Every structure is written in structure tokens, then in C-alpha cells.
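Note that the coordinates shown come from a computational prediction; the quantities given were computed from them, not determined experimentally. These values consider heavy atoms only, across backbone and side chains, with no hydrogens, waters or symmetry-generated copies. Every number for a ligand or one of its atoms is a count from 1 in the order of the listing.
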Amino acid sequence: MSINPSLLAELRRVVGPQGYLDQAADVEPYLVDHRKLYRGATPLVLRPDSTEQVSAIMRLCNEARVGVVPVGGNTSYCGGATPSEDGSQIVLSLARMRRVRSVDPLNYTMIAEAGCVLAEVQAAAASADRLFPMSLGSEGSCQLGGNLSTNAGGTAVLRYGMMRDLILGLEVVLPDGRVLDGLKPLRKDNTGYDLRDLFMGAEGTLGVITAAACKLFSRPASSVTALVGITDPKHAVSLLSRLRSFTGDAVSTFELIPRLALELVLEFVPNTANPLDGRHDWYVLLEIGMGRQDESLRGAIEAELANALEEGQIVDAAIAASESQREMFWRLRETIPEAQRRIGASIKHDVSVTTSELPQFIIEASQLVRSISPTGRIVSYGHLGDGNLHFNVSRPVDQDDESFLRLAPNINRAVHDLIARYGGSISAEHGIGRLKREELVRYKQPVALDVMRAIKQALDPNGIMNPGKVL
Ligand SMILES: Cc1cc2nc3c(=O)[nH]c(=O)nc-3n(C[C@H](O)[C@H](O)[C@H](O)COP(=O)(O)OP(=O)(O)OC[C@H]3O[C@@H](n4cnc5c(N)ncnc54)[C@H](O)[C@@H]3O)c2cc1C
């Protein structure tokens with residue numbers, strides 16, 4: 001189904017010569033998702049530079065019933081920002097809307113546009129001596145709008161929460177072009193329904209987010225980063241509880257890393273080294289930050305880890321001695337996806353259960369996977385402090401990608417059915433996009449789905465916002 005050429009011409013006129021791409025080579029990066037699972041087509045990528053332009057685009061597309069696919073950094077893991085194959089949808093990139101409109105250090109808030117790269121938002125906060133704590137492996141390319149629309153998680157959720165917890169208000173262009181101006185940087189505003197939360201995690205299916213009022217925090221004046229060796233994830237859970245109590249909830253990162261993941265990183269990622277002498281079945285990367293300059297923090301954490309060692313809770317630990325060592329510790333965690341890609345196709349799950357049940361879940365899920373793929377290589381790592389695991393299975397050494405991926409439906413069913421028995425979530429932080437639409441129907445409560453469909457119908461009766469995603 002092709003789009004009327006006069007509409008395309010009108011859309012080009014709205015954004016001006018700098019505001020669109022329509023040559024095959026320029027459009028190409030917008031046609032494929034990050035994991036290369038989907039390939040779409042589009043005649044036009046629009047790159048507006050103001051809310052007014054977004055509003056005009058939406059009004060025109062709504063009148064013509066043409067689908068609009070918003071895209072940020074295109075780092076989504078579930079095909080959320082890829083247009084359909086038939087070329088009937090317009091892609092709307094927010095990349096030119098990347099202004100930090102204001103920073104108010106006394107109110108601990110910042111207003112930034114949706115196209116700001118996450119690292120730029122972090123830097124703008126830091127230059128006002130504040131912290132914007134959202135942090136992901138993709139922070140150099142993902143955008144604030146994408147983070148908001150996926151309700152991103154990342155490595156500091158334990159202390160600061162997910163994206164939803166970091167936002168006070170949003171500016172959104174509705175599918176009919178009206179602008180919902182909710183950019184008040186207020187911490188208290190009980191004037192009816194919380195419209196802001198509707199658009200966060202909606203993956204572009206309800207409107208286009210153009211700007212956000214973000215919460216800022218004090219920057220930790222001192223912090224300790226450690227890599228700890230353990231024998232069993234259940235010890236990781238009890239260590240987390242111990243350190244939360246010991247520090248008064250100052251643990252910001254607590255990431256579980258299995259031995260295989262660390263070995264893959266050491267083999268495939270340059271400039272990495274294991275700071276621990278021995279090899280262990282499991283590792284934890286943890287970070288603790290304190291508000292005041294505290295020279296004794298490192299000593300106190302060291303002593304507490306020594307107590308944990310004596311009691312058999314951990315088997316080894318190394319504390320980063322410098323900023324460059326800290327960065328190396330982080331690289332061991334953040335490059336796991338890259339290292340895992342090097343050993344062939346993998347079947348991925350982004351699941352959550354309660355933190356306390358997570359060790360038992362790993363045991364049961366691993367048994368189920370082994371009953372389907374006895375030599376599949378399980379790499380289950382992630383945000384243990386949030387009960388969130390990336391429970392991934394890479395193909396066996398002696399199997400080809402294609403025949404391994406044929407097992408995906410069986411493995412997914414086994415893992416997701418187990419998640420349902422635990423009362424967990426089949427998508428903890430990556431969203432639904434196109435990849436998990438059927439899974440959503442299978443696992444989400446029917447009443448919740450009805451409410452979601454009613455909201456979609458109310459806001460987007462013509463179904464033009466990111467058609468074919470989520471619902
Ligand atoms: C190396 C790596 C590490 C990652 N680590 C994490 C992690 O720890 N935690 C985590 O949660 N995710 C993680 N991700 C996934 C991904 O980075 C996040 O989902 C991120 O929030 C997506 O942002 P983006 O700008 O790339 O969005 P895109 O991929 O461009 O879009 C994502 C969705 O949001 C919609 N959208 C984008 N912008 C807007 C807008 N302005 N208005 C309305 N809808 C919009 C799109 O239509 C799409 O549905 C990781 C990805 C990579 C590659």
C-alpha cells in the first residue's frame with residue numbers, strides 16, 4: 001500500500017529540506033531493528049526540529065490515516081521502532097529535537113527534549129553538579145524519548161527506580177496533532193488521572209513524546225565498585241540484603257554475572273581482565289555510593305565483604321582502586337551482549353520474578369532449557385537487585401544457528417510458562433514491540449488487556465500510532 005505522493009510532498013514541506021530523508025541509502029538504517037530480526041520499508045523518514053512540526057505531521061497523517069512509527073536511537077530489543085514491510089508507514093525520528101531546555105539545580109529538575117541522547121542528558125545534569133541516574137549499555141546512542149517510551153530500566157534501578165520513577169511530566173503530541181503540555185516540574189500534583197504514566201512504556205502507540213521534565217539527584221561524592229566471586233545466586237541475594245542494611249540502601253548496582261558470560265567477555269572484548277585470581281561459578285558487580293565525601297567508605301565496605309568471606313557468603317572480592325579500574329569492572333558487565341553475539345544465535349528472555357525467588361527460578365528454568373537443548377549454552381545475567389534476569393541461551397558449539405533457532409518456540413514457551421507460575425513478568429524492561437505481541441495476549445490478564453485496548457481506542461481511534469506494535 002503506497003502513501004499518496006501529495007501527502008509526502010506536504011510532509012516534506014512541513015519539515016523543510018533539512019528535516020527529511022528519502023534516498024535509499026539514508027533511509028536504510030531506519031529499516032532494520034537493532035537485533036536484525038525485522039526489516040521494514042518506508043518512503044520517508046521525517047526529522048522535525050520542533051514540537052510544532054511534530055504536531056503538523058501528526059495532524060496530516062491522522063487525516064490521511066497513515067501510520068507513524070516514532071524512532072529514537074533504534075536500540076530496542078523487540079522491533080518496536082521498525083516500520084512494516086509494505087511501505088505504508090512514515091518513520092518519525094526525534095534526533096533533531098535534542099535541546100536541554102532548562103536545568104534547575106535547586107528544584108533538582110531538568111527539562112530536555114526527546115531526541116537528546118541519554119549520555120547527553122547525564123552530562124547536562126553533571127555540569128550542574130547533579131545526577132540523572134538512568135544508565136544503560138546503550139546510553140551513547142539511545143534517546144530520552146526511546147527510554148521514556150520503553151520505560152527503560154538499566155543498572156541503577158535498585159536505588160533510583162525505572163524511567164517512570166525519574167520523570168515528573170511530559171510534553172506529548174497526540175495522534176490528532178494536539179499537544180498535551182504536562183511539562184510541570186512539580187513533585188506534587190494530584191489533579192486527576194496520571195496522564196504521564198500512560199505514555200511511558202507505551203512504545204509509541206499512544207502519542208509522540210517530545211520533551212520531559214526529569215528528576216535529578218545529588219551526585220554521590222564517594223563510591224565503591226566491587227567484583228565479587230560467589231558459588232550460588234542464593235548467596236548473591238543474601239549478600240545484597242546484607243549490604244542494603246549495612247549501607248542504609250546505598251547500593252545502586254547489583255548485577256549477576258555467570259562464569260560463562262565473564263569468560264566470553266575476557267575472550268572477545270579487548271582491554272578486559274579478570275581482577276579476581278580464581279575462577280568462580282558466579283560473580284556480582286556491585287556499586288555503592290555515598291552523598292558525602294567519605295574516605296572511610298572503601299574501608300568499611302572492605303571490612304563487610306571480609307565478614308561475608310569469613311561466613312562463606314562470598315569466595316573472593318576485588319574493589320576498584322582507581323577510576324580506570326572501575327571502568328574496566330563495568331566493561332565486564334556491559335559488554336556481555338556484545339560478547340555473547342560472538343558465539344552465534346541466541347534465544348533471549350527478559351524476565352522478572354521477586355529477587356528472593358530468583359535463584360530457584362534460575363535452577364528450574366535451566367533444567368527446562370536443558371530438556372529441550374541439552375548442550376545449549378545458558379548465559380543468565382542481569383539486574384539481580386531488581387529480580388530481572390536476561391535469561392539467554394546461545395546455540396551449542398556444534399549446532400548451526402538456523403536449526404537452533406527452530407527450538408525458540410519450545411524454549412520460549414517453557415521459560416514463559418515457568419515465569420507465569422512464579423507470577424513474574426515476560427518483559428521486565430525491554431517492552432513488547434513486535435516481538436512479544438502474541439506472548440502478551442497469552443500472559444497478560446484479559447481485564448488488563450481490555451483496559452489497554454480501551455485506552456488505545458480513546459487516544460488513537462484511527463490506529464495510526466506505531467501500528468502493529470504492543471497490541
Ligand atoms: C547494549 C544494549 C544494552 C541495553 N541495556 C538495556 C538495559 O539495561 N535496560 C533496558 O531497559 N534496555 C536496555 N537496552 C534496550 C534499549 O536500549 C532500551 O529499550 C532504550 O530505552 C531504547 O531507546 P531508543 O532511543 O533506542 O528507542 P528506539 O529503539 O528507537 O524505540 C523504542 C520504542 O520507543 C518508541 N519511541 C522512540 N522514541 C519515541 C518518542 N519520542 N515518542 C514515542 N515513542 C517513541 C519507538 O517507536 C519504539 O517502540 C539495551 C540495548 C542495547 C543495545
* For the student: nearest non-hydrogen atoms of P48 and V54, plus distance ->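 Taking P48 first and V54 second, the nearest heavy atoms are CG-CG2, 3.6 Å.
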* Nearest heavy-atom pair of A212 and L144: which atoms, and what distance? ->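 The pair with the smallest heavy-atom distance is CB-CD2, 4.3 Å.
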Starting from [atom], what is the nearest protein heavy atom, named by residue and atom, and what distance separates them?
atom	value
atom 31 (O) of ligand 1	A81 CB, 3.8 Å
atom 28 (P) of ligand 1	N74 N, 3.6 Å
atom 1 (C) of ligand 1	Y77 OH, 3.8 Å
atom 46 (C) of ligand 1	P70 O, 3.1 Å
atom 44 (N) of ligand 1	S149 OG, 2.9 Å
atom 29 (O) of ligand 1	S76 N, 2.8 Å
atom 15 (C) of ligand 1	T75 O, 3.7 Å
atom 24 (P) of ligand 1	G73 N, 3.4 Å

Between [X] and [Y], does any side-chain N to carboxylate O distance fall below 4.0 Å?
X	Y	answer
D194	R196	yes
E255	R333	yes
R101	E171	yes
R434	E85	yes
R442	E439	no
E338	R341	no

* In Å, rounded to the nearest 0.5 Å, how long is the span from CZ of R96 to CD of Q18? ->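 Answer for the CZ-CD pair, R96 versus Q18, is 6.0 Å.
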Could you list the atoms of ligand 1 found under 4.0 angstrom from a heavy atom of [X]?
X	value
L94	41 (N)
G204	43 (C), 44 (N)
G207	43 (C)
H34	53 (C)
G72	25 (O), 28 (P), 30 (O), 37 (C), 38 (N)
A152	11 (O), 21 (O)
G154	7 (C), 8 (O), 9 (N)
H383	8 (O)

Would you kindly specify which portion of [X] sits under 4.0 Å from ligand 1, judged on non-hydrogen atoms: side chain, backbone, both or neither?
X	value
N147	both
H430	side chain
I209	both

* To do: Keeping the roles fixed (side chain from D350, backbone from A428), state whether a donor-acceptor pair exists under 3.5 Å.
  =>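 Side chain of D350 to backbone of A428: a pair is present.
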* Which of parallel (below 30°), tilted (30 to 60°) and perpendicular (above 60°) describes F361 and F391? ->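 F361 and F391: perpendicular rings.
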* Going by distance only, is there an N or O of V69 that falls short of 3.5 Å from an N or O of ligand 1? ->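 So ligand 1 has no N or O lying under 3.5 Å from an N or O of V69.
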* Asked: Under 3.5 Å between some N or O of ligand 1 and some N or O of N466?
  ->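 Min N/O separation from ligand 1 is below 3.5 Å for N466.
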* Option set V68, V117, T150, criterion heavy-atom distance to atom 33 (C) of ligand 1, minimum ->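 Selected option, by shortest heavy-atom distance: T150.
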* Given G80, C78, G201, C142, which has its nearest heavy atom closest to atom 23 (O) of ligand 1? ->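 The option holding the nearest heavy atom is C142.
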* **Polar contact flag, side-chain donor to acceptor under 3.5 angstrom, Q340-S394** =>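 Yes, side-chain donor-acceptor contact under 3.5 Å.
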* **Between Y443 and D417: side-chain donor-acceptor atoms closer than 3.5 Å** =>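 Side chains of Y443 and D417: pair found under 3.5 Å.
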* To do: Assess whether atom CD of E323 is packed by more than 12 heavy atoms of other residues, nucleotides or ligands within 6.0 Å.
  =>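 Count over threshold, so yes.
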